[in-house]
Asks: 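Pasting in a structure now, in structure tokens, and then I'll have a few things to ask.
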Protein chains: 4
Amino acid sequence: MASKREAVKQKKKERIIEAAVKVFAQKGFYTANVKDVAQAAGVADGTIYLYFKNKDDLLISLFEHKMKNILLRFEEALKDISDPLDQLKTFIHVYFELIENDTELSGVFQVELRQSSKFLKDYHNQQFSNYLNMIARILDEGKKINFFRPEMDTNIAKIFIFGAIDEVARQWILGRDAKYSIKEAAEQSCDNIVKGLLAF
Amino acid sequence: MASKREAVKQKKKERIIEAAVKVFAQKGFYTANVKDVAQAAGVADGTIYLYFKNKDDLLISLFEHKMKNILLRFEEALKDISDPLDQLKTFIHVYFELIENDTELSGVFQVELRQSSKFLKDYHNQQFSNYLNMIARILDEGKKINFFRPEMDTNIAKIFIFGAIDEVARQWILGRDAKYSIKEAAEQSCDNIVKGLLAF
Amino acid sequence: MASKREAVKQKKKERIIEAAVKVFAQKGFYTANVKDVAQAAGVADGTIYLYFKNKDDLLISLFEHKMKNILLRFEEALKDISDPLDQLKTFIHVYFELIENDTELSGVFQVELRQSSKFLKDYHNQQFSNYLNMIARILDEGKKINFFRPEMDTNIAKIFIFGAIDEVARQWILGRDAKYSIKEAAEQSCDNIVKGLLAF
Amino acid sequence: MASKREAVKQKKKERIIEAAVKVFAQKGFYTANVKDVAQAAGVADGTIYLYFKNKDDLLISLFEHKMKNILLRFEEALKDISDPLDQLKTFIHVYFELIENDTELSGVFQVELRQSSKFLKDYHNQQFSNYLNMIARILDEGKKINFFRPEMDTNIAKIFIFGAIDEVARQWILGRDAKYSIKEAAEQSCDNIVKGLLAF
DNA sequence: AATGAATGAGATTTCATTCAT
DNA sequence: CATGAATGAAATCTCATTCAT
């Protein structure tokens, strides 16, 4: 009985999160009202505050909740791959797939989360670190077997790689200068990372 | 006389823009108040409205203005270099120098890309396009002389490169996971872009 | 059966009233939430509305109920005393004893008199009148037998006495300027009332 | 110029305070809206927040502001009186005069200030202490010249006296059980305090 | 041109009350 | 009877913008 109620409660919380993703993606975090989210979720304004401390908390919770799933998705995809190069390629492809399959969520992650000092500065994000460190681990292994350049700094490279694919993805979402498909984006990004620019 | 007055006027406008860069970079566009900008600029709230139509206009003007300067700086640095590879390396080093000398500058890119929601979604910043296209031009030339991989998509690569160095710079500013110097950042970034990860 | 259920019902109602006295005394009527009272009473929010029409009604019921008990306690203490002076002294000592044994009780008077605004301005608490009139009756008897000053207005004096001992008690509870024991408070108050300030 | 502007500013602040006194007296602090006060003061809602941090601050400022004047009034009245008994009598008469001449203010002091734990508990009020100590000083002098009972505790008596006259005044304002004039109230209170109840 | 006090629309948040379970 | 999740009206407060000086 209690578990059922718990389940119902969880369902409503998720409904609100889904609504928030949609609304924040469309209007932006600051431009969107709590009322908008409530309406989209089909609940009363006050109900939001039964599940989240305030509007900021809604954004943070949204992030935590979704990020957990994303990390799982990565781990799932990588767990049977041993070659670091394959791992890296898979990582990148999964990344762009995630973006493609949930554009709205991506919009929130890519655009909205960034604009709040809460996330970029104050709120030291464990999940984000986890994410970066997934890349670092792959790079370290690649160096160990002499596949990757030994003088390459994995600490810088993990950020480099994240920044690169993140931006390619963002511009695809914003649809500005980006007149390319996700597939192209993934493959080109792979090549750029692995081979670099040089032709030789 | 009129030109002098014009100059004074221009000076105040710039003072406001500098203040806005600082304040928006620090607090974010929505979290920052017009009052904050006014205070930082040492003018009255109302004065801002003599130079800018509204808060949004201030943000847009800020981009245009700053980007123009940044572009000039790049052009200056690149004008005597003919080799595309040298151009690219110079571009990257100049970029990190700019960031190092004006930390808040990176906020301009930040803001440009991340405050996008609502009104910026449509607003297409020509200057930012110009910036990206500077990279593209270098890449195209490199391809033409068979220095860069022929199958590399310059349109994606320009974004890829911008994203990569921008993120490495940003993490350096935030000082979080980034325990590296600007010099290292620039060199590692160069190598990553040019050589890629592979050791061979 | 019905009577037992009645008793149980009564018990819960009292539990809510006790909780309300505590909570209102501590946080003030307007600052306290119905939820607070419910929690303190160990019932659900909605349960309160099975016993009281609304929050206002809870406050009013609280007075009536508590005052009835207080009056009973006084009547019990006074019933075998005939001398008005002894009656008055006893009244005062009982008052301070009541306060000492049930600190929150003073909140009842507090609330009664100070939360008056709006709805309580009209609401005339009969029990409180009864309480004041107990004092008046003692004073009248004292005048009748020429013990108390004939020109003394019992109507004013009853309020005077109530106000004096109530404030001394309240400051004792707050423990601010009041660095005295309840016993001292009672005795000093007695003397002040009976003898006045003059030394002769 | 600056002083004139300062004066205008001060005037508006006072206008808001006057309005707040009126509104709070009539509707009670919690029942009254900031909007009500703004309307009564003839300013916009937001204007209130230019002069006061928040609604609570308005109440506190009101208290501080008015209390200062009241204390001055007392000092003025007492400064040429040397006899402690006369001082005490004057004090009491001035007190009731103040109440009579500004009923609304009294309402706020008497009823509204009391109901907020902010004032009774958290906010240790210097002005209120000053006020109580005025009484204490008179009492001490009266004891020194053997006019007042030597065993009388001035620390308790000051609270006793304050409570007594405060309550007599409050009931006059509430107009409940108090069917007496302010003049009677003052004289009866004086006699009660000075002579006590006994006839002798 | 510059100021900054004033405005008031609008956003977030609270909480008494209801009602399906 | 009891519950407590849900409601939504209403209150406080913020802040971009205006305008008299």
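Remember, predicted model here, so these are calculated numbers, not experimental data. Just so it is clear: chains get the letters A, B, ... in the order the sequence lines come, proteins before strands, and each one is counted from 1.
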Asks: Has the side chain of A/Asn33 got a donor or acceptor atom that lies under 3.5 Å from a matching backbone atom of A/Asp36?
Replies: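 No; zero donor-acceptor contacts below 3.5 Å.
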Asks: Using whole Å, report how far CZ of C/Phe52 lies from C1' of F/dA2.
Replies: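 My rounded result for the distance is 15 Å.
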Asks: Using a cut-off of 4.0 Å between protein heavy atoms and nucleotide atoms, how would you tag nucleotides 10-17 of chain F 5' to 3' with B, S and -?
Replies: -SSBBSSB
Asks: Assess the residue pair A/Val43 and A/Arg15 against the criterion (side chain to side chain contact (heavy atoms under 4.5 Å, CB included)); give the C-alpha distance rounded to whole Å, side-chain angles, the decisive distance to 0.1 Å, and a yes or no.
Replies: CA-CA 9 Å; A/Val43 299; A/Arg15 223 169 69 211; 3.5 Å; yes
Asks: Taking CD from C/Gln39 and P from E/dC15, how many angstroms apart are they, rounded to a whole number?
Replies: 13 Å
Asks: What is the distance, to the nearest angstrom, from the OH atom on C/Tyr51 to the P atom on E/dT18?
Replies: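 Spelled out: OH on C/Tyr51 to P on E/dT18 is 17 Å.
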Asks: When the distance from CG of D/Asp36 to P of E/dG8 is rounded to whole Å, what number comes out?
Replies: 16 Å
Asks: Should stems be defined as at least three consecutive Watson-Crick or G-U pairs with both distances under 3.5 angstrom, which of them involve DNA chain F?
Replies: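 E:2-21 with F:2-21 - these are the stems of 3 or more pairs that involve DNA chain F.
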Asks: Let me know the distance between CD1 of A/Ile48 and C1' of F/dA5, rounded to the nearest Å.
Replies: 14 Å
Asks: Mind running side chain to side chain contact (heavy atoms under 4.5 Å, CB included) on B/Tyr51 and B/Ile17 for me, showing each step along the way?
Replies: CA-CA 10 Å; B/Tyr51 297 92; B/Ile17 286 185; over 6 Å; no
Asks: Rounded to whole angstrom units, what separation is found between the NZ atom of A/Lys13 and the P atom of F/dA6?
Replies: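 Nearest whole value for this atom pair: 12 Å.
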Asks: Any sub-3.5 Å donor-acceptor pair from B/Lys55's side-chain atoms to B/Phe29's backbone N or O?
Replies: yes
Asks: Tell me the closest heavy-atom pair linking C/Lys35 and C/Asp45, and the distance in Å.
Replies: NZ-OD2, 3.0 Å
Asks: Is any NZ, NE, NH1 or NH2 atom of the basic residue among B/Glu18 and B/Lys66 found under 4.0 Å from an Asp or Glu carboxylate oxygen of the other?
Replies: yes
Asks: Consider side-chain contact (heavy atoms from CB on, under 4.5 Å). Of A/Thr47, A/Ile16, A/Ile60, A/Leu62, which one does A/Phe52 pass it with?
Replies: A/Ile16
Asks: Report the distance from atom CG of A/Leu58 to atom P of E/dA11, rounded to the nearest whole Å.
Replies: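 Distance check: A/Leu58 CG to E/dA11 P gives 16 Å.
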Asks: More than 12 non-hydrogen atoms from neighbouring residues, nucleotides or ligands closer than 6.0 Å to NZ on B/Lys22, yes or no?
Replies: no
